[in-house]
Amino acid sequence: MMRELAAVWSPLAPSPLLWIVVTLVAYLLARRLQRLLGGSALANPVLIAIVLTASAVLASGTTYATYFSGAQFINFLLGPATVALAVPLARNIRQVRGSLRGLVIALVCGSLASTVSGLAIVWALGGSRIIALSMAPKAVTTPIAMAVSQQIGGAPALTAALAIVGGIFAASIGRRLLSILRIHDHRAHGFAAGVAGSGVAAAEAATLGGLAAAFAALGVALNGVVTALVTPALVSFAW
């Protein structure tokens, strides 16, 4: 049986299209599982798809370079997907203008809390300086987080992993936590997801509707700007 599988796999493995298909199938299966579980945010499709895809890569003995050569088109689409969040933002611009004061307060508090808590957690656990610097910009969208990390002396690859994990965590528990606190305003849900969890959490919040998607997009964009400006100053003060 194993010989037959190897005979089928060998000609397919070098094909770039193979890993695009594997990644998409893993995500579709993850979405299916989430629907079977009643749409629970804890069954985050991004997390499940990562586990399934990583398992396939490891089980097949495929290198990351080979995987990425096939799946890089999906990576390319992250940019257009992020820009597309501007559509619901434009459609709900009046709601945004009417909430500016609260947005500014929430943005400053959220950005500072994320950066300071990242540094404090690593310091309290006895982590190294480079880990702390990699942790500081964890709550912004991955490309900005990596750029900030490189600027302040962190490890961009580690920051990228932390940003993705943080986004999945925020997407999984954010809506439930706000509901427990009896916060049901879609503007709050969207903006909190954008500030706390970047793109992954913003996508989860967008399922609530266009208003939540608009505030999630705004949270992602503004938190990226504030973090890029504030984090280097905080790091220079701390060290």
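Sequence positions, counted from 1, serve as the residue numbers for this chain.
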Do L133 and S149 make a side-chain contact, defined as non-hydrogen atoms from C-beta onward lying under 4.5 Å apart? no

R187 vs L211, side chain to side chain contact (heavy atoms under 4.5 Å, CB included): CA-CA, chis, key distance, verdict: CA-CA 6 Å; R187 295 173 299 175; L211 186 61; 3.8 Å; yes

Could you measure the distance from the CD1 atom of I131 to the CE atom of M135? Nearest 0.5 Å is fine. 9.5 Å

Keeping the roles fixed (side chain from S60, backbone from V57), state whether a donor-acceptor pair exists under 3.5 Å. yes

Joint hydrophobic cluster, L162 plus V140, side-chain heavy atoms closer than 4.5 Å: no

Should the pair H186 and H189 be assigned to parallel (<30°), tilted (30 to 60°) or perpendicular (>60°) ring geometry? perpendicular

Please check: side-chain N/O of S117 versus main-chain N/O of A113, any donor-acceptor pairing under 3.5 Å? yes

Minimum-distance pair of heavy atoms, taken over all atoms of A206 and A213: CB-CB, 3.7 Å

What is the minimum heavy-atom distance between V22 and A56, and which atoms define it? CG1-CB, 4.2 Å

Looking only at atom types and distance, does a side-chain atom of N223 sit under 3.5 Å from a main-chain N or O of G219, one as donor and one as acceptor? no

Side chain to side chain contact (heavy atoms under 4.5 Å, CB included), that's the test. Do L158 and M146 meet it? Break it down for me. CA-CA 9 Å; L158 176 58; M146 293 177 68; over 6 Å; no

Run the side chain to side chain contact (heavy atoms under 4.5 Å, CB included) test on L107 and F191 for me, step by step, so that the C-alpha distance in whole Å, both residues' side-chain angles and the decisive distance to 0.1 Å come before the verdict. CA-CA 9 Å; L107 174 66; F191 197 70; 4.0 Å; yes

Are L37 and I48 co-members of a hydrophobic cluster defined by side-chain heavy atoms under 4.5 Å apart? yes

Hydrophobic cluster identity match, I50 and F68, side-chain contacts under 4.5 Å: no

Does the side chain of Y67 pick up a donor-acceptor pair with the side chain of T23 at under 3.5 Å? yes

V51 reachable from I173 in the ILVMFWY side-chain graph, under 4.5 Å edges: no

Closest heavy-atom pair and its distance - S114, K138: O-NZ, 2.8 Å

Separation between CG (N92) and OG (S99), nearest 0.5 Å, reads 10.5 Å

Taking CZ in R32 as the centre, count heavy atoms belonging to other residues, nucleotides or ligands within less than 6.0 Å. Is the count above 12? no

So does A214 get a backbone contact from the side chain of R91, meaning a donor-acceptor N/O pair under 3.5 Å? no

Determine, stepwise, if the pair L234 / L112 fulfils side chain to side chain contact (heavy atoms under 4.5 Å, CB included). CA-CA 9 Å; L234 286 176; L112 288 176; 4.1 Å; yes

Hey, could you give me the CG/CG distance between L103 and L222, rounded to the nearest 0.5 Å? 7.5 Å

Please report the closest heavy-atom contact between S111 and V226, naming both atoms and the distance. OG-CG1, 3.4 Å

Under a 4.5 Å side-chain heavy-atom rule over Ile, Leu, Val, Met, Phe, Trp and Tyr, are Y27 and L29 clustered together? no

Does atom CD (Q150) have a neighbourhood of more than 12 heavy atoms from anything else shown, all under 6.0 Å? no

Report the distance from atom OG1 of T66 to atom CH2 of W19, rounding to the nearest 0.5 Å. 9.0 Å

Can you name the closest pair of heavy atoms from Q34 and N44 and give their distance? NE2-CA, 4.5 Å

Taken to the nearest 0.5 Å, the spacing of L52 CG from L28 CG works out to 11.0 Å

What pair of heavy atoms forms the shortest contact from T227 to P232, and how long is it? O-CD, 3.9 Å

Polar contact flag, side-chain donor to acceptor under 3.5 angstrom, R129-S134: no

